Amino acid sequence: MLVLGIETSCDDTACAVVDENGVVYAEAIANQFEWHRPYGGVVPEIASRRHLEHLPVMIEHVLGQADVNLDAIDAIAVTQGPGLLGSLLVGIQAASGLGWAAGIPVYPVHHVRAHLLAPFLSLRGSDSPVTPLFPYTGLCASGGHSGIYRVQGPQDVFRLGETRDDAAGEAFDKIAKLIGLSYPGGPAVEKAAVGGDPGSIEFPRAFRDRNSLEFSFSGLKTAVVQHVRKHGVPEGQGMKDLCASFQQAVIEPLAQKAVNAAKKEGIPTLAVTGGVASNNALRQLLGELCSETGIKLMAPVTRWCTDNGAMVALEAALGISTNTKKPEIPHAVSTWPLPVPQQSD
Ligand code: KG4
Ligand code: ZN
C-alpha cells in the first residue's frame, strides 16, 4: 500500500509517499523560516499563502522522486487538525481535489497522533523498517503541543497530561525573540546554550508533584522576562548561562514527567516526538533517566521530529492496515483534544 501524506498544519509545507511499513519512498519539506523570521513567530496569513504556492509543486515532485504516478497511490492522508485553520484548509483542499479527481480515498489525520508514530519511519534503501510496538508512552513536545500520551494503537491514543498554557516549543520561540535570537527559537537557544551552566539561574518549574503529568511554561516565560528586565540581555558567557538555564527549565519537566508517566503506566517503552524532541539536551537527559529505570527510549531522526508529511502518511497507513481508520471528508479543526483514558483502562 502506498499513501501520499500531506501536512500543512502550521508553517511547514510537507508531503511524502510512504508504505504501510513506514518506509518513506520520497518526501519534501519546505519551511517558511525566512518569511516568519522578521515577526519572531508564525503569521497565519503568510503561512497559508506560502502553502498554496508550494504544495502543488511539491506533490508533483515527491511522486516523481518515488517514481510513481497517482494511479499507484492507494490513499491520501491529510492533517485535519489541530492547527491553524487557514493552513489546514490548503492541505485539505489539495487532498480532497486530488482524491476526487483521481478516485483515491482521503483519510483525515490527527497531527499529534502522527507525531507520536514518527519513530517507526524509515528511509527506503538505507534503513531497515521499524516494527511498531504497542502500547507505549509518548511525549509530544512541539511549537503547538506539549503532552504525554498512552499510545495503545495507531488510532487509540489517550491523553495522560498536557500543558495548561504554552507549548514547550512556543516557550523556546518566545524567549528567543525576547533575547534577540532568530526564529525558530528552539535550535537558536540550543546553540546559544552550548558551554553555558544550566544551574546558574534558578528558573521555576511548574507542577513539581511527582504524580502530576501536566506542564506549564507561562510562569517560566514571565521569570525570564523579569530576569532580562532586571539584568538586561547578557552577552558572552552570560548569554550561554541564560540559555542553558532556560533550556534546562523546559527540558527537565518534559523528561521527568514522561519517565514518571511510563513508570506509572507500567509501560517500559517511551517515545519522544515533536519539534522539541530534536533538542540534544532533552534527548540526553531522557536517555539517562530511561537507562536508570530500564525504560526503552525511542526517538525519530531529527527531520521526522519537526513537522513532515511522512508521519501523516504513516498515521493513515497503520490505521488502514489495522482496519481502524475509514476514509472521510476532512474538515479543518483548530482544536482536537485526544480522549482521556476511561477509568477502567
Ligand atoms: O513539531 P513542530 O515542527 O511543529 C509543531 O507541531 O508545532 O515543532 C516546531 C517547534 C518550534 O517551536 C521550534 O522552536 C521547536 O519545535 N524546536 C526545538 C528544536 N528544534 C525545533 N526546540 C528546542 N530545541 C530544538 N533543537
Ligand atoms: Zn507538529
Side-chain angles (χ1 to χ4, degrees), residues 5-14 29-33 36-37 39-42 44 47 51 79-84 87-88 91 109-119 121 138-147 149 162-163 166-179 181-194 196 198 215 217 220-221 243-244 246-255 271-286 299-312 314-315 334-336 338:
I6 297 175
E7 158 62 38
T8 62
S9 67
C10 190
D11 61 336
D12 290 313
T13 317
I29 303 174
N31 69 54
Q32 305 177 0
F33 297 155
H36 301 287
R37 196 161 277 150
Y39 309 95
V42 177
H51 289 315
T79 303
Q80 80 161 7
L84 300 171
S87 288
L88 290 164
V109 166
H110 192 291
H111 184 79
V112 174
R113 268 198 313 242
H115 267 302
L116 289 164
L117 294 165
L121 290 167
L139 169 69
C140 178
S142 71
H145 323 277
S146 288
Y149 306 88
E162 280 181 345
T163 181
D166 293 350
E170 188 184 352
F172 271 105
D173 295 337
K174 286 184 175 158
I175 294 307
K177 186 178 177 191
L178 174 79
I179 59 178
L181 298 179
S182 66
Y183 175 81
V189 171
E190 179 172 16
K191 198 168 159 214
V194 174
F215 303 109
F217 297 108
L220 166 63
K221 220 172 52 190
C243 289
F246 162 72
Q247 176 173 265
Q248 190 66 19
V250 178
I251 66 164
E252 223 176 71
L254 290 175
V272 53
T273 65
V276 181
S278 30
N279 185 284
N280 288 306
L282 172 63
R283 284 178 177 243
Q284 195 183 330
L285 180 57
L286 270 169
V301 294
T302 312
R303 76 173 173 292
W304 292 325
C305 288
T306 43
D307 290 348
N308 62 85
M311 66 183 194
V312 175
L314 182 61
E315 198 261 39
S334 57
T335 49
W336 184 1
L338 288 166

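Keep in mind the model is a prediction, meaning the values are calculated, not measured. One-based numbering, in listed order, for ligands and for the atoms of each. These numbers come from the heavy atoms of this one structure, side chains and all, not from hydrogens, waters or symmetry mates.
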Where is the nearest protein heavy atom to [atom]: which residue, which atom, and how far?
{"atom": "atom 24 (N) of ligand 1", "result": "Asn279 ND2, 3.1 Å"}
{"atom": "atom 18 (C) of ligand 1", "result": "Gly186 CA, 3.5 Å"}
{"atom": "atom 26 (N) of ligand 1", "result": "Glu190 OE1, 2.7 Å"}
{"atom": "atom 2 (P) of ligand 1", "result": "Asp307 OD1, 3.4 Å"}
{"atom": "atom 14 (O) of ligand 1", "result": "Asp173 OD1, 2.7 Å"}

Just so I know, are the side chains of [X] and [Y] near enough to count as touching, which here means a heavy-atom distance under 4.5 Å?
{"X": "Ile179", "Y": "Cys243", "value": "yes"}
{"X": "Leu121", "Y": "Pro300", "value": "no"}
{"X": "Ile175", "Y": "Lys221", "value": "yes"}
{"X": "Phe217", "Y": "Leu254", "value": "yes"}
{"X": "Leu338", "Y": "Arg113", "value": "yes"}
{"X": "Ser87", "Y": "Asp11", "value": "no"}
{"X": "Glu162", "Y": "His145", "value": "no"}
{"X": "Val312", "Y": "Ile6", "value": "no"}

Give the minimum heavy-atom separation between Ala193 and Gln247, together with the two atoms involved.
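Ala193 and Gln247 have their closest heavy atoms at CB-NE2, 4.0 Å.
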Using 30° and 60° as the class limits, which term best fits the ring planes of His110 and Trp336: parallel, tilted or perpendicular?
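The arrangement is tilted - the two ring planes meet at 30° to 60°.
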Judged by non-hydrogen atoms, does Gln247 sit under 4.0 Å from ligand 1?
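No, Gln247 has no heavy atom closer than 4.0 Å to ligand 1.
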Any non-hydrogen atom of Gly185 lying under 4.0 Å from ligand 1?
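So Gly185 counts as touching ligand 1.
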Quick check: [X] and ligand 1, any N/O pair under 3.5 Å apart?
{"X": "Gly275", "result": "yes"}
{"X": "Thr306", "result": "no"}
{"X": "Gly274", "result": "no"}

Please list, in number order, the atoms of ligand 1 under 4.0 Å from a heavy atom of [X].
{"X": "Val276", "answer": "16 (O), 18 (C), 22 (N)"}
{"X": "Gly143", "answer": "5 (C), 7 (O), 8 (O), 9 (C), 10 (C), 12 (O)"}
{"X": "His111", "answer": "6 (O)"}
{"X": "Phe172", "answer": "22 (N), 23 (C)"}
{"X": "His115", "answer": "1 (O), 6 (O)"}

Just wondering, is there an N, O or S atom on His115 that's nearer than 2.8 Å to the Zn ion (ligand 2)?
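Given the 2.8 Å cut-off, His115 counts as a ligand of the Zn ion (ligand 2).
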Angle at the Zn ion (ligand 2) (to 10°), with one arm to NE2 of His111 and the other to OD1 of Asp307
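Value, to the nearest 10 degrees: 100°.
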In terms of side-chain heavy atoms, does His111 have a donor or acceptor partner in Glu7 at a distance below 3.5 Å?
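Glu7 and His111 do have a side-chain donor-acceptor pair below 3.5 Å.
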